[in-house]
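The structure appears right after this line, and notes come after that.
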Amino acid sequence: SMQSLSYDTVNGSTNAACNDGGRFRVLTWNILAQALAVGHDNFVGLPDGTLNWTARRLRILHEILLYDPDVICLQEVDHFNFLNTCLTAIGYRGVFCSKPDSPCIYVVNNNGPDGCALFYRNNKFDLISASSRILEIWRVQSNQVCIFATLRLKETGQQVCVATTHLKARQGALLSTMRNEQGKDVANYVASCGGSSKPLVLCGDFNAVPTEPVIETVKTRLFVESAYAKLFGGEEPPYTTWKVRGDAEYCHTIDYIFHNSFCDIESVLMLPTEEQVGPSRLPNLGYASDHIAIACDVKVPL
Ligand code: NDP
Ligand code: CA
């Protein structure tokens, strides 16, 4: 049931009560494209009704809004118009960037390509600029994208940068190398947009476990660290996705929130336990995607 959604946070700050800077909450979530869920992913043992879009779209919204985020970064969005209509009505503004050759469009009855989306709370931020990039591998465009936005906190006037991406999926040495090249391109792009000289949050589905080269590449080139690792004693959470496909069970950490030293992380959202995830794994009627939403509270010192 929805009550099983984890709502606790771990607090890593010693002075969480002081109010000397701009604060905002960022959530990132691969929401599982409806077309991929129905026609591509080959999930096994889903509870009846899990992929019924009329209901699942409301569970996606519920799960986002439960955490009351100021910035919402989403991947595998193949229903941007629905989310944008709903979220605009309650005070968010959003931008979308579709993948050039989304696998969604090859699924019957698809709703168009999937891509990344970024929403921000309109009464909290002014949008200074937003852009997107098709990520390159060895100077050739790939099928993955990145969104970069510069926002101004209305409260304090501070500028903050938020970027989100969804790197190439699948396992194997060549794919790990391709992700690493995409990571270099993300770093170059984010830096070229000004993300290295301002508070930066870079988050998304990197499709890479913590030991993959791309994770170190992103950290080193952008001088960022992981929000979760920082508050979890150097460790990433044990999983951010947990699913049973035709071939195997997948339980690993591939989603991240990175931040640079111009901002602090005050708390991170706890992930559901194995018991909360449940025996059929994800997605299910309690958790709308095979990925788990992760979120953190960011503070930008004045
Ligand atoms: P990716 O390899 O990045 O993966 C696309 C999606 O598939 C991701 O969202 C990923 O989810 C999911 N995925 C990951 N592992 C598996 C798995 N084992 N089984 C099923 N789905 C998985 O795709 P690209 O954007 O690079 O596009 C390539 C894909 O698009 C091809 O694999 C093909 O299926 C499809 N395509 C089909 C065409 C056609 O003519 N039929 C033409 C062009 C593309 P997550 O990130 O959550 O892991
Ligand atoms: Ca997926």
Side-chain angles (χ1 to χ4, degrees), residues 28-46 50-51 53 56-57 60 63 73-80 96-117 132-138 140-147 164-183 185-186 203-210 212 214-215 218 236-237 239-257 271 277 281-284 287-294:
T28 183
W29 192 22
N30 175 327
I31 61 171
L32 174 57
Q34 180 66 8
L36 299 185
V38 169
H40 178 93
D41 267 290
N42 197 21
F43 294 128
V44 172
L46 299 187
T50 296
L51 299 183
W53 178 243
R56 191 171 85 89
R57 63 185 187 173
I60 291 171
E63 207 166 326
C73 294
L74 303 176
Q75 303 83 37
E76 285 195 34
V77 175
D78 68 343
H79 284 80
F80 177 74
F96 175 63
C97 178
S98 57
K99 294 172 64 171
D101 184 25
S102 161
C104 292
I105 64 176
Y106 302 96
V107 174
V108 288
N109 298 322
N110 73 80
N111 188 59
D114 76 306
C116 295
S132 64
R133 177 171 174 85
I134 297 173
L135 298 177
E136 296 183 0
I137 300 174
W138 299 307
V140 176
Q141 287 190 339
S142 69
N143 203 21
Q144 278 65 38
V145 299
C146 182
I147 296 179
T164 190
T165 191
H166 180 193
L167 299 188
K168 173 72 185 152
R170 314 277 170 166
Q171 288 164 354
L174 175 60
L175 289 153
S176 169
T177 300
M178 290 169 68
R179 273 190 288 279
N180 193 40
E181 294 301 314
Q182 289 183 328
D185 201 51
V186 166
C203 58
D205 176 358
F206 288 74
N207 262 311
V209 296
E212 261 204 39
V214 62
I215 303 305
V218 167
E236 294 294 339
Y239 45 81
T240 61
T241 181
W242 197 341
K243 59 208 149 203
V244 184
R245 286 200 165 114
D247 50 348
E249 186 161 340
Y250 296 86
C251 174
H252 49 201
T253 296
I254 56 176
D255 303 272
Y256 301 85
I257 301 175
L271 285 91
V277 165
R281 309 318 182 194
L282 307 174
N284 57 45
Y287 295 92
S289 172
D290 59 324
H291 289 249
I292 297 160
I294 57 175

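One-based numbering, in listed order, for ligands and for the atoms of each. The figures that follow rest on heavy atoms only: side chains count, while hydrogens, waters and symmetry mates do not.
- Atoms of ligand 1 lying under 4.0 Å from at least one heavy atom of N207, given by number and element, are 45 (P), 46 (O), 48 (O).
- Closest to atom 41 (N) of ligand 1 by heavy atom, among F206, Y250, Y106, F43, is Y106.
- Nearest N/O/S atom of E76 with respect to the Ca ion (ligand 2) is recorded as OE2.
- Only side-chain heavy atoms of R170 come within less than 4.0 Å of ligand 1; its backbone N, CA, C and O stay farther off.
- For ligand 1, the polar-atom distance check against D101 finds no nitrogen or oxygen pair separated by under 3.5 Å.
- In terms of modelled atom types and a separation under 3.5 Å, the side chain of R281 and the main chain of V44 share no donor-acceptor contact.
- Under 4.0 angstrom from ligand 1, there are no non-hydrogen atoms of Q75.
- For ligand 1, the polar-atom distance check finds no N/O of P103 at less than 3.5 Å from any of the ligand's N/O atoms.
- Here is the list of ligand 1 atoms found below 4.0 Å of a heavy atom in D205: 45 (P), 46 (O), 47 (O).
- The aromatic rings of F206 and Y256 stand perpendicular to each other, their planes meeting at an angle above 60°, with 30° marking the opposite boundary.
- Of all the atoms in ligand 1, the ones that sit under 4.0 Å from a non-hydrogen atom of L36 are 6 (C), 9 (O).
- Less than 4.0 angstrom separates some heavy atom of N30 from each of these atoms of ligand 1: 46 (O), 47 (O).
- Ligand 1 places these atoms under 4.0 Å from at least one heavy atom of Q144: 3 (O), 24 (P), 25 (O), 26 (O).
- Between the OG1 atom in T165 and the CD atom in Q182 there is a gap of 7.0 Å [rounded to 0.5 Å].
- Closest to atom 23 (O) of ligand 1 by heavy atom, among H166, K168, E76, H252, is K168.
- Listed by atom number, the atoms of ligand 1 under 4.0 Å from K99 heavy atoms are 24 (P), 25 (O).
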